[in-house]
Amino acid sequence: MARNDAQEQLGRDMRGRFEPLLAHWVDVTDRFNVVEPDDIVLIRLAECMSESIGLRDALMASALGVTRNVQRLLDLSVAPHDGQNASFMAKGLDGAFHRGADKPALARAIDTVRHMIELTDDPGLLVQPHAVNSYLNWYAGQPDAARRSALSSLLLSNDNTLSRIVLTALEKGIHPCAARNSLHSEVLADQSAEKTSGDGFALNDLLKHSEALAVYSVRGDSGSERFTAIMPSGSGDINAALVDTATRIVRDRESRGLDDAAGILRDVMGLHAQDSPVGDEATVVSPVSTPLGGFCLPGVVTMFSQIEPEPAQVPCDPADPLNDLSGPAAGLSL
């Protein structure tokens, strides 16, 4: 009896401390509000997140549109493992994963967390803000920012589960619906803008049935750049995708009587002739059986993610432990 009384009192104390913090978070991240963040409140949020992962997850649930009701967020913060709360969170996050989040609200939440990180001097209080920033950027289709924040969190605390979930998702090419839409739009925009030849080459035109564009980042001596290739839907063979795409581009240009294939391979795929000076980190790609010979990338591949042409049809595999919704809030509150 005494133990239950103590737990109830602890819950009341947490609700009392968290309520003004959550109310301010909801106001600041509301897409229709113009409330500026209070620096003192943001620092208090960072402090409280370090002692309550439930509060951390409630902030993310609010940012992703699961609920913006402060009392409901308090329930999720104080008792994340309660059956009803866990089920509510799991269903809400599953919905956000498939339908996408409110982009303006999500952008405001990311900006607010970044400001929180800038304000916080104590490295021990930065673990969870970096993890939140990583998770929200993953949802927003910003894989590089998500990876940087996840690594920053893990450098401070190697056992941060949320950051590991994000890194695992990025490695497997798993992206929420909004992120898939964002990445796909950027890829198509790239193809319709700078990465075209004189007669309007677009890699998208070479897609066949059951294939998709894939985006990848290459880090070399001149920094990180992003390129695109074609690969069969569901495939994970990066090298085969690069070789096949390069071959397809060369044959397409030759069939049109054009000699601009080398430039397209460089601009669209980041490929250089194997004997070109492209830096010390060059990654050799298997020689392509064309008159142009073999090619290499000017650095190491740091991200490779398939972008489905119809994002809504990309399933979230419930058998994958990353997407297991049987636990508390789909891997959160861990």
Side-chain angles (χ1 to χ4, degrees), residues 13-74 76-78 80 96 101-167 170 179 329 332-334:
D13 291 345
M14 292 175 68
R15 293 182 77 93
R17 285 191 297 136
F18 293 172
E19 183 169 7
L21 305 181
L22 282 168
H24 185 66
W25 168 265
V26 169
D27 286 342
V28 168
T29 58
D30 191 316
R31 64 180 297 184
F32 299 111
N33 281 358
V34 290
V35 177
E36 292 299 318
D38 184 303
D39 291 356
I40 295 177
V41 174
L42 294 188
I43 292 173
R44 286 291 297 141
L45 273 172
E47 294 171 347
C48 291
M49 274 197 287
S50 70
E51 61 184 81
S52 171
I53 295 180
L55 175 63
R56 178 202 71 183
D57 295 349
L59 297 182
M60 293 190 295
S62 170
L64 296 175
V66 175
T67 180
R68 298 184 64 79
N69 180 282
V70 174
Q71 294 305 312
R72 190 55 154 147
L73 291 171
L74 280 169
L76 299 175
S77 300
V78 174
D102 182 335
K103 290 185 178 180
L106 181 55
R108 287 184 66 108
I110 290 173
D111 287 342
T112 303
V113 174
R114 287 174 180 163
H115 186 48
M116 182 192 301
I117 291 171
E118 293 171 355
L119 293 170
T120 306
D121 296 326
D122 185 348
L125 300 181
L126 286 171
V127 176
Q128 299 304 345
H130 275 304
V132 170
N133 195 39
S134 175
Y135 194 80
L136 296 183
N137 272 285
W138 174 54
Y139 258 84
Q142 302 295 327
D144 291 340
R147 182 177 289 101
R148 285 194 301 270
S149 291
L151 292 174
S152 295
S153 176
L154 290 170
L155 283 173
L156 295 168
S157 177
N158 194 45
D159 60 354
N160 187 273
T161 306
L162 181 61
S163 295
R164 291 196 175 280
I165 285 174
V166 173
L167 289 179
L170 292 172
L332 303 186
S333 298
L334 296 175

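Predicted, not measured: the structure shown is a model, and the values here were computed from it.
- Among all heavy-atom pairs drawn from Val26 and Arg68, the shortest one is O-NH2, 2.6 Å.
- Here the shortest heavy-atom pairing between Leu126 and Ile117 reads CD2-O, 3.7 Å.
- Under the 4.0 Å criterion applied to side-chain N and carboxylate O atoms, Arg108 and Asp111 are not assigned as salt-bridge partners.
- Considering only heavy atoms from C-beta on, Thr161 stays 4.5 Å or farther from Ile53 through its side chain.
- Just one residue in the list Ser134, Ser149, Pro143 forms a side-chain contact (heavy atoms from CB on, under 4.5 Å) with Val166, and that residue is Ser134.
- Put simply, CG on Asp13 and CZ on Phe18 are 10.0 Å apart, with the number rounded to the nearest 0.5 Å.
- Note that OG of Ser153 is 7.5 Å distant from CG of Leu162, once rounded to the nearest 0.5 Å.
- If you take OG1 on Thr112 and NE2 on His24, they are separated by 8.0 Å, rounding to the nearest 0.5 Å.
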*Take Val28 and Leu42 through the side-chain contact (heavy atoms from CB on, under 4.5 Å) test and state the conclusion after the steps.*
CA-CA 11 Å; Val28 168; Leu42 294 188; over 6 Å; no

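- Inter-residue side-chain proximity for Asp122 and Glu47 is flagged as unmet; no heavy-atom pair is nearer than 4.5 Å.
- Once rounded to the nearest 0.5 Å, the distance linking CG of Leu45 with CG of Leu21 reads 4.5 Å.
- When each of Leu156, Leu154, Val113, Asn160 is checked for a side-chain contact (heavy atoms from CB on, under 4.5 Å) with His130, only Leu156 meets the rule.
- Of the inter-residue distances, the one linking Leu74 atom CG with Arg17 atom CZ reads 11.5 Å to the nearest 0.5 angstrom.
- Asn137 is not listed as a side-chain neighbour of Asp144, based on a closest heavy-atom distance of 4.5 Å or more.
- At distances below 3.5 Å, at least one donor-acceptor pair connects side-chain atoms of Thr120 with backbone N or O atoms of Met116.
- Using a distance-only test at 3.5 Å, with no hydrogens or angles considered, no donor-acceptor pair links the side chain of Arg56 to the main chain of Met49.
- Ala146 approaches Leu170 most closely through the heavy-atom pair CB-CD1, 4.2 Å.
- The side-chain heavy atoms of Leu59 and Leu22, taken from C-beta on, include a pair separated by under 4.5 Å.
- Between Ile43 atom CD1 and His115 atom NE2 the span is 8.5 Å, to the nearest 0.5 Å.
- Proximity of Ser77 to Met14: side-chain heavy atoms (C-beta onward) are nowhere separated by under 4.5 Å.
- The minimum heavy-atom distance linking Pro80 with Gly54 is given by the pair CG-CA, 4.2 Å.
- Closest heavy-atom contact between Ala58 and Leu73: O-CD2, 3.4 Å.
- A donor-acceptor pair under 3.5 Å links the side-chain atoms of Arg164 to the main chain of Asn158, judged by distance alone.
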_Intermediate values then yes/no, side-chain contact (heavy atoms from CB on, under 4.5 Å), Leu106 and Thr29_ = CA-CA 8 Å; Leu106 181 55; Thr29 58; over 6 Å; no

